Enquirer: 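What follows is a single structure, and I will ask about it in a moment.
Everything numeric in this text was worked out from a predicted model, so none of it was measured. Just so we're on the same page: letters track the sequence lines, and every chain starts at 1.
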2 protein chains.
Amino acid sequence: MMSTAQRKSPRGSAPTLPTAERHAEAFEHIRSAHQTETAEDYVEMIADLIDAHGEARLVDIAGRFGVSHPTAKKIIDRLQREGLVTSRPYRSIFLTDKGRSLAEYCKRRHQVVLAFLKALGVSDRNAEIDAEGIEHHVSKETLEAFAAFVTRESGSGQS
Amino acid sequence: MMSTAQRKSPRGSAPTLPTAERHAEAFEHIRSAHQTETAEDYVEMIADLIDAHGEARLVDIAGRFGVSHPTAKKIIDRLQREGLVTSRPYRSIFLTDKGRSLAEYCKRRHQVVLAFLKALGVSDRNAEIDAEGIEHHVSKETLEAFAAFVTRESGSGQS
DNA sequence: TGTCAAGTGTAGCAACGGCTACATTCATTG
DNA sequence: CAATGAATGTAGCCGTTGCTACACTTGACA
């Protein structure tokens, strides 16, 4: 028992591994990203709906995300608390300036990621699915690298 | 008011948009991916710890993720329910065969994504952060495209 | 104008992943 | 062998995102 590992602390556990902190940092980053993912998706969707139909109704938002309307309602309420949308009882939902600029950033980012995956040779279907997941985890630097690749590829190579 | 949009249903809302289902499908995919993300991260971490110290203690797992030990405990319990790990009171945590193979797949996938981002020119720091987030949303096809790109780039180009 | 269905609101439940506070076990060490 | 502190277990709280069931508004149309 106890075997292979060298120990220091009285009851086992690692000798205050230096790697731990670096890892924890990355995962903390991920957790906070998760909190904003939903907001980004909803804001972008609301912008799309307003674009398409002139307004964003709760039922449409829920339908597009494939969730029940109370679920969508709760999220809209949160977005309102955060100052991204405005919502009055039985009325459609609107974006604030803050919400609108977030939506525009997300839309652009989404398009870059999607175009990038397609340029890499991924099928349209998988590119669309993966882009939805990947876009929220792309740093500014990575996004720029994606954009540069798309430009490079479409500019020269792949006939 | 009501303005720009053409309406059909009695109370507004979109005319059963055909786009809705396609979108909902992608988001459903994302939600299910989120459910497995944590499991993947933990299983991979446990494998790393066993590799490094011969065993995986709860306190080390919690430390590496930067969460409290009860949080890690709950997740370990869930992994055990799902048959990915074994855990006995006051003992260290082990992977089942299922857990081990999942960990190996995740580790390989992580390495491909990380190498890919670096090959694209992303800095080490951002590549590591982004890889943690991106890896869970990469389909088999996209992963292969990433791997192919890494091979291609390291094989010929960038001296 | 009254009816009625669609849309919206609200209540309450579950699972997940955070946390703190406190109880328990275990292994080292005196 | 007993004590002590680290590791683990447990209880209970919160917020988020799911859900169903039921109540209420609204707007279109007979």
Enquirer: Would the base of C:dG7 count as contacting A:His69 through its side chain, where contact means a donor and an acceptor less than 3.5 Å apart?
Expert: no
Enquirer: Does one side chain, of A:Glu141 or B:Ser123, offer a donor that lies under 3.5 Å from an acceptor on the other?
Expert: yes
Enquirer: To the nearest angstrom, how far is B:Asp41 atom CG from C:dC16 atom C1'?
Expert: 15 Å
Enquirer: To the nearest angstrom, how far is B:Ile61 atom CD1 from D:dG9 atom P?
Expert: 10 Å
Enquirer: Listed in order of residue number, which residues of residues 28-36 of chain B have a non-hydrogen atom at under 4.0 Å from DNA chain C?
Expert: none
Enquirer: Calculate the interatomic distance between B:Glu55 atom CD and D:dA7 atom P; express it in whole Å.
Expert: 11 Å
Enquirer: Report yes if a side-chain nitrogen or oxygen of A:Thr71 is closer than 4.0 Å to either non-bridging phosphate oxygen (OP1 or OP2) of D:dC19; otherwise report no.
Expert: yes
Enquirer: Looking only at side-chain atoms of A:Arg91, point me to the closest of D:dT20, D:dT26, D:dT17.
Expert: D:dT26
Enquirer: Choose from D:dC19, D:dG9, C:dC19 the nucleotide whose nearest atom is closest to any side-chain atom of A:Ser68.
Expert: D:dC19
Enquirer: Tell me which nucleotide among C:dG17, D:dT8, D:dA21 gets nearest to the side chain of A:Pro70.
Expert: D:dA21
Enquirer: Counting only side-chain nitrogens and oxygens, does B:Arg81 get under 4.0 Å of the OP1 or OP2 atom of C:dC16?
Expert: yes
Enquirer: Under the salt bridge (charged side-chain N to carboxylate O under 4.0 Å, His left out) rule, what do B:Arg78 and B:Glu82 come out as? Steps first, then yes or no, please.
Expert: CA-CA 6 Å; B:Arg78 179 165 74 83; B:Glu82 292 172 1; 2.8 Å; yes
Enquirer: Is B:Lys73 paired with B:Asp77 through a side-chain N to carboxylate O contact shorter than 4.0 Å?
Expert: yes
Enquirer: Return the OG to CG distance between A:Ser92 and A:Asp60, rounded to the nearest 0.5 Å.
Expert: 10.0 Å
Enquirer: Is there a donor in the side chain of A:Glu132 and an acceptor in the side chain of B:His29, or the other way round, less than 3.5 Å apart?
Expert: no
Enquirer: More 5' along DNA chain D: B:Lys74 or A:Arg78, using each one's nearest nucleotide?
Expert: B:Lys74
Enquirer: Quick one: A:Arg88 CZ to D:dT25 P, roughly how many Å, whole number?
Expert: 16 Å
Enquirer: Are A:His137 and A:Glu37 linked by a side-chain donor-acceptor pair shorter than 3.5 Å?
Expert: yes
Enquirer: With respect to the side chain of A:Tyr90, which nucleotide from C:dG18, D:dG9, C:dT8 is positioned closest?
Expert: C:dT8
Enquirer: Under 4.0 Å between any heavy atoms, over every strand shown, what does B:Pro89 touch: base, sugar-phosphate, or nothing? Just pick one.
Expert: sugar-phosphate
Enquirer: Please determine whether a side-chain nitrogen or oxygen atom of B:Thr38 lies at a distance below 4.0 Å from atom OP1 or OP2 of C:dG17.
Expert: yes
Enquirer: Could you work out which one of D:dG9, C:dT8, C:dA11 sits closest to the side chain of A:Arg57?
Expert: C:dT8
Enquirer: From the list C:dG9, C:dT8, C:dG17, which nucleotide is the closest neighbour of the side chain of A:Lys73?
Expert: C:dG9
Enquirer: Would you compute the distance between atom CZ of B:Arg91 and atom CZ of B:Arg57 and round it to the nearest 0.5 angstrom?
Expert: 8.0 Å
Enquirer: Near B:Arg31 CZ, under 6.0 Å, is it more than 12 heavy atoms from other residues, nucleotides or ligands?
Expert: yes
Enquirer: Any chance the rings of B:Phe27 and A:Tyr42 have centres within less than 6.0 Å?
Expert: no
Enquirer: As a check on the pairing definition, encode DNA chain D in dot-bracket form, counting Watson-Crick and G-U wobble pairs whose two distances are under 3.5 Å, and using | for partners outside this strand.
Expert: ||||||||||||||||||||||||||||||
Enquirer: So, B:Arg125 and A:Glu25, do they make that salt bridge, N to O below 4.0 Å?
Expert: yes
Enquirer: Rounded to whole Å, please give me the gap between CG in A:Asp77 and P in D:dT17.
Expert: 12 Å
Enquirer: Take atom CD1 of B:Ile75 and atom P of D:dG9, then tell me their distance rounded to the nearest Å.
Expert: 14 Å
Enquirer: Rounded to whole Å, how long is the line connecting atom CD of B:Gln80 with atom C1' of D:dT8?
Expert: 14 Å
Enquirer: Given atom CZ of A:Phe27 and atom P of C:dG17, what is their separation to the nearest angstrom?
Expert: 14 Å
